[in-house]
*Asks:* 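Mind having a look at this structure? Questions to follow.
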Number of protein chains: 2
Amino acid sequence: MGRPTMEDVARRAGVSRALVSLVMRGSPKVSERRRAAVLRAAQELGYSPHAMARSLASRTSTVLGVMVSDLHNPFFAEVVDGLDEVARNQGFDLIISTGSRSPARERRALGSLLSFRPAGVALLGTVVSAADIATAAQQQPVVLVARSSRLSTVDTVNDDGEAGSEVAVDHLVSLGHKRIAHLDGGSGSQAALRRRGYDRAMRRHGLDPVVVRSEYTDVAGARAVRELLADSEDDLPTALVAANDYNAVGALAALAEAGLRVPEDVSLVGYDNTSLAGLRHLSLTTVDQPRSEMGRLAGEALLQRVRGERAEPVRHLLHPSLVVRGTTAPR
Amino acid sequence: MGRPTMEDVARRAGVSRALVSLVMRGSPKVSERRRAAVLRAAQELGYSPHAMARSLASRTSTVLGVMVSDLHNPFFAEVVDGLDEVARNQGFDLIISTGSRSPARERRALGSLLSFRPAGVALLGTVVSAADIATAAQQQPVVLVARSSRLSTVDTVNDDGEAGSEVAVDHLVSLGHKRIAHLDGGSGSQAALRRRGYDRAMRRHGLDPVVVRSEYTDVAGARAVRELLADSEDDLPTALVAANDYNAVGALAALAEAGLRVPEDVSLVGYDNTSLAGLRHLSLTTVDQPRSEMGRLAGEALLQRVRGERAEPVRHLLHPSLVVRGTTAPR
DNA sequence: GAGCTCTGTTAGAGCGCTCTACTGATGAGA
DNA sequence: TCTCATCAGTAGAGCGCTCTAACAGAGCTC
């Protein structure tokens, strides 16, 4: 009983275990006759190799560990998709962990991910400490998406969040807006950068920055708008730059709830250009990040390191561009 | 060089390898003195157990394999979330594969998932053949979500798709609609059931069923509506029952593009009650499926089997309920 | 003080594979 | 005819761990 092993196949095919191993790995140095015999025996027994045993013996791994900050945010689902594509094409499997945007929980999740000794690790928008990242990077290649790092041992795939926010503000200013608030990403990854870009652009235009503390979720976006409405008397902002699309969606709901029309009363810009933004009924003006492309780039960077083709860090810095849709209008 | 092993820790702590193993597994039969010594040594070396080696030696696994039909559909992201919660709480990790809604690709993906000898497998909305499922179920527990099966060896978590569609149709009929078309889920999982429910309800009301072949994606939903508009002259349906929310979103876009207002000109009902439907600006009337709850139920069913607590199949059949929002209105 | 249980510890086999080093044919080249 | 490659195949160690059985030593009982 139990599943058949290589031993069973070998016995049935009348060959050694080593020969079965060679056949399973598609080695060319096996005669056609034996190969056929082995394959037939395997077929009859319903044998398929045990990936973990293989990995242990060969001291290699075909697993990539992926830690996602939040699976509900379509941004990450789309990045994972690109990563998955590259990985699968090169014979790697993904083991996925979600950290729920808490450094402590992400730390635990990362630990459990590493206990599988993956060939490489991709951290998508995570907030684990830089120290934890450094430690992890000593064990196997690490690539960060939507999170920057100065570590020379990790690769990164990011857009220029500062420039992205600036473009958003410039767009609003060009429409005549002056009171432009930012719903920020709090302690989320890349949030500081986007905040800085917003700040800089505002000052450049001689405007007063107003930052409302928020988070990368729809719930937080709605809450931030409610706070903003409660706090500001009649000096209500005429435009909002949200932390990301997911946050903007919440903001949109809260604005509607307060009887404010978008874009007639308030203009709104998101960030990421997720599938959400493209929904015709949201039609969110947003800053584009090429999500699956970023996933593919991350996968490729990781696999290059895994194969030992490169040791110097790679820093993909994508240039953000504004996608103007229906949530922004002249003042 | 290379990562430290149990051997290294044992040597450093001046104990046997077996003792280190006991400490790592939290055995009570270790003296405090030794336990402290081992933990310190492990700490100093930065040791953490090798999950795969452990799994191989103990002939047990702490991974659950998950195959998701489509990560872009928020329905699955939400189910995975519930599953992840249960799994993590009980010390299991998820290894995730996406099949891209093609039986052949899903078959391959399933094979690679099984090669890790997971403790159990969850198939979310997949379209692999029943035979493949049966084979897989011989190796380890299998739970199906959003897909039914008569196999006594697999557990299932579903809603009553037939009843769900009926409720949707009843709602539309009660609003005075007579020409109600169904954008179906094609060969997607549970699609036949939903189609049958639609059909039955229509006949019960003495109405003519009109089924437009579609799929569980937004792109397909949009295409189906365009076809529908092209084919029907002036006998245009006044209401649509979409395969699921994701499909409905596409339909919504295509309707808008054709200058048709929802719900003034056409009413629309989705299915799943994903986060998409709840978006204030979509405000999609839809049939509710409790997604994370379904994920949790699936996780629990799977783990019960994994622990050998149960051998008889469990069939969770959730009762669908209609969530009326803004996309449906009287004729 | 011999036998007993109980507690803490260890040796060593073995999980299912890979990989190195080796063997025994076969055929080419001198 | 005798090397000497070359090719197809195998034996056996070992990957990092768990688990069984066995074993000291302490503390009992009689």
*Asks:* Need to verify one output field. Residue with the more 5' nearest nucleotide on DNA chain C, B/V15 or B/R117?
*Replies:*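 Final value for this comparison: B/V15.
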*Asks:* From NZ of A/K29 over to C1' of D/dA5, roughly how many Å is that when rounded to an integer?
*Replies:*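 After rounding, the reported distance stands at 13 Å.
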*Asks:* Below the 4.0 Å mark, does D/dA8 have OP1 or OP2 next to a side-chain nitrogen or oxygen of A/R34?
*Replies:*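 The answer is no; no side-chain N or O of A/R34 sits under 4.0 Å from OP1 or OP2.
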*Asks:* Could you tell me the separation between the CE atom of B/M6 and the P atom of C/dA11, rounded to a whole number of Å?
*Replies:*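 Those two atoms, CE and P, are 15 Å apart.
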*Asks:* I'd like to know if the side chain of A/D132 pairs up with that of A/S129 as donor and acceptor (distance under 3.5 Å, no hydrogens or angles considered).
*Replies:*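 Yes, A/S129 and A/D132 have a side-chain donor paired with an acceptor closer than 3.5 Å.
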*Asks:* Counting side-chain heavy atoms from C-beta on, which of D/dG16, C/dC17, D/dT18 comes nearest to A/Y47?
*Replies:*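 Among D/dG16, C/dC17, D/dT18, the one nearest the side chain of A/Y47 is C/dC17.
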*Asks:* Taking only the side-chain heavy atoms of B/L22 (C-beta and beyond), determine which of D/dG9, C/dT10, C/dT18 contains the nearest atom.
*Replies:*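 Closest nucleotide to the B/L22 side chain: C/dT10.
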*Asks:* Can you tell me if A/T60 touches the phosphate of C/dT18, counting only side-chain N or O atoms and a distance under 4.0 Å to OP1 or OP2?
*Replies:*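 No, because none of the side-chain N or O atoms of A/T60 sits under 4.0 Å from OP1 or OP2 of C/dT18.
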*Asks:* Could you tell me the separation between the OG atom of B/S112 and the CZ atom of A/F92, rounded to the nearest 0.5 Å?
*Replies:*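 B/S112 atom OG to A/F92 atom CZ measures 12.0 Å (nearest 0.5 Å).
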*Asks:* Let me know the distance between NE2 of A/H50 and C1' of C/dT18, rounded to the nearest Å.
*Replies:*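 It is 14 Å, rounded to the nearest whole Å.
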*Asks:* Measure the distance from CE on A/M24 to P on C/dT18 and round it to the nearest whole Å.
*Replies:*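 So the CE-P distance, A/M24 to C/dT18, works out to 9 Å.
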*Asks:* In terms of side-chain heavy atoms of A/L56, which of C/dT9, D/dC15, C/dC19 is nearest?
*Replies:*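 Nearest to the side-chain atoms of A/L56, counting from C-beta on, is D/dC15.
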*Asks:* Given D/dT18, C/dG16, D/dG9, identify the nucleotide with an atom nearest to the side chain of B/S21.
*Replies:*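 That would be D/dT18.
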*Asks:* Quickly work out the A/R54 CZ to C/dC15 C1' distance and round it to whole Å.
*Replies:*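 Distance, rounded to whole Å: 16 Å.
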*Asks:* More 5' along DNA chain C: B/A18 or A/R25, using each one's nearest nucleotide?
*Replies:*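 In this pair, the answer is B/A18.
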*Asks:* Rounded to whole Å, please give me the gap between CZ in A/R35 and C1' in D/dC7.
*Replies:*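 After rounding, the gap between these two atoms is 14 Å.
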*Asks:* Can you tell me how far P of C/dG16 sits from CG of A/D8, to the nearest Å?
*Replies:*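 Spelled out: CG on A/D8 to P on C/dG16 is 9 Å.
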*Asks:* Rounded off to whole Å, could you give me the CG-to-P distance for the A/L19 and C/dT23 pair?
*Replies:*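 Computing the A/L19:CG to C/dT23:P distance gives 18 Å.
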*Asks:* Which residue is it: B/H316, B/Q304, B/R315, B/R310? I am looking for the one with a side chain to side chain donor-acceptor pair (under 3.5 Å) to B/D155.
*Replies:*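 One option only clears the test, and that one is B/R310.
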*Asks:* Quick one: the side chain of B/R17 and the base of C/dT9, do they pair up donor-acceptor inside 3.5 Å?
*Replies:*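 Check fails, no donor-acceptor contact within cut-off.
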*Asks:* Closest to the B/R59 side chain: C/dC15, C/dC17, D/dC17?
*Replies:*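 Minimum distance to the B/R59 side chain belongs to C/dC15.
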*Asks:* Of the candidate nucleotides D/dT10, D/dA8, C/dA11, which contains the atom at the shortest distance from the side chain of B/S16?
*Replies:*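 Nearest nucleotide to the side chain: C/dA11.
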*Asks:* Under a 3.5 Å threshold, yes or no: a donor from one side chain and an acceptor from the other, between A/R117 and A/Q140?
*Replies:*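 There is no such pair between these side chains.
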*Asks:* When rounded to the nearest 0.5 angstrom, what distance separates CG in B/L302 from CG in B/L83?
*Replies:*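 Here the rounded value is 7.5 Å.
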